[in-house]
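Inspection log for the structure reproduced underneath, given as structure tokens.
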Amino acid sequence: MSTRQRNAPAYRPHVGELVLDRRTGRTGIYMDTIGGEYYLRPEHGGREWAAEPHDVTPAPEPRDSAECDQPR
């Protein structure tokens, strides 16, 4: 990670927003910030996990399945 990335402010999601935890590669719903950590819950339910704010980004837009089936 570059110095610039470390010094950049962390992404601040809104409660209920789908985000990506880049450390684990998992997407989850942002629930709260406690003790400086972001708490995320799996989209379809399950146990929350804590993520460092600098590891959290907006979730990528899902690709349209029809788009994936098109020949190149």
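Numbering starts at 1 and runs along the sequence shown. Quick caveat, the model's predicted, so the values are computed rather than measured.
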**Request:** List the atom of Pro53, the atom of Ala10, and the distance in Å for their closest heavy-atom pair.
**Result:** CB-CB, 3.5 Å

**Prompt:** How many angstroms lie between atom OG1 of Thr24 and atom CG of Leu40, to the nearest 0.5 angstrom?
**Reply:** 8.0 Å

**Message:** So Thr27 and Val19, do their side chains get closer than 4.5 Å, heavy atoms only?
**Reply:** no

**Request:** Spell out, as yes or no, whether a donor-acceptor pair under 3.5 Å connects the side chain of Arg41 to the backbone of Trp49.
**Result:** no

**Asked** Is the number of heavy atoms from other residues, nucleotides or ligands under 6.0 Å of Arg12 CZ greater than 12?
**Response** no

**Prompt:** Under 4.5 Å between side-chain heavy atoms, hopping through other hydrophobics if needed: is there a path connecting Val15 to Ile34?
**Reply:** no

**Asked** Minimum heavy-atom separation for Ile29 to Glu43, with atom names?
**Response** CG1-CA, 4.2 Å

**Asked** Going from CD on Glu37 to CD on Glu48, what distance comes out if it is rounded to the nearest 0.5 angstrom?
**Response** 11.5 Å

**Prompt:** Below 4.5 Å, heavy atoms only, C-beta onward: do Arg22 and Thr57 meet side chain to side chain?
**Reply:** yes

**Asked** Is Val56 reachable from Leu20 through a run of hydrophobic residues whose side-chain heavy atoms are each under 4.5 Å from the next?
**Response** no

**Request:** Indicate whether the side chain of Tyr11 and that of Glu17 have a donor and an acceptor atom separated by less than 3.5 Å.
**Result:** yes

